[in-house]
Amino acid sequence: MFAKIYRPARSAMQSGRAKSKQWILEFRPEMARRPDPLMGWTSSSDMRSQVQLNFDSKEEAMAYAKRQGIPFQVSEPQAAKRYEKSYAANFSADRKQPWSH
């Protein structure tokens, strides 16, 4: 039983940062998934793969894992690259990229 502690990245469909402030502790799968012979769906008999615990901070998640005796690995989030650009830059005369239309 090995756990992974991480902060989820926002999805490609999100413009805001909703649901990306909490830290998640989830267990790594102990068994490989296999297709169900009747329906063909992928399934696993590992119940821990369905558990996801949410914490407000990384320290809380680490303290919980230590208290329960769960070995864990922390994945730090990567900072998003922000480009400062004004709307007027789309129409400047010394534009570096070609027009898209």
Item checked: Closest non-hydrogen atom pair, Gly40 against Pro35 -> O-CB, 4.3 Å
Note to self: Could you go through Lys4 and Leu25, starting from their C-alpha distance and side-chain angles, then the distance that decides it, and tell me whether this counts as side-chain contact (heavy atoms from CB on, under 4.5 Å)?
What the structure shows: CA-CA 6 Å; Lys4 177 182 171 186; Leu25 182 141; over 6 Å; no
Notebook entry, point to check: If we only count heavy atoms from C-beta on, is the Trp23 to Pro77 side-chain gap below 4.5 Å?
Noted result: yes
Next item on the list: Would you list the pairs meeting salt bridge (Lys or Arg N to Asp or Glu O under 4.0 Å) in which at least one residue belongs to residues 31-47, sequence neighbours left out?
Entry: none
Let me check something: any side-chain donor-acceptor pairs from residues 50-59 under 3.5 Å, sequence neighbours excluded? List them with distances.
{"unit_1": "Gln52", "atom_1": "NE2", "unit_2": "Glu26", "atom_2": "OE1", "d": "3.1"}
{"unit_1": "Asp56", "atom_1": "OD1", "unit_2": "Gln22", "atom_2": "NE2", "d": "3.4"}
{"unit_1": "Ser57", "atom_1": "OG", "unit_2": "Glu60", "atom_2": "N", "d": "3.2"}
{"unit_1": "Lys58", "atom_1": "NZ", "unit_2": "Glu76", "atom_2": "OE2", "d": "2.7"}

Checklist line | Remaining members of the apolar cluster that contains Ile24, side-chain heavy atoms under 4.5 Å | finding: Tyr6
Next item on the list: Of all the heavy-atom pairs spanning Met1 and Ile70, show the shortest one and how long it is.
Entry: CE-CG1, 4.0 Å
Item checked: Chi angles and distances behind the side-chain contact (heavy atoms from CB on, under 4.5 Å) call for Ile5, Met62 -> CA-CA 8 Å; Ile5 299 173; Met62 291 170 56; 4.1 Å; yes
Margin query: How long is the straight-line distance from NZ of Lys66 back to CZ of Phe72, given to the nearest 0.5 Å?
Written below: 5.0 Å
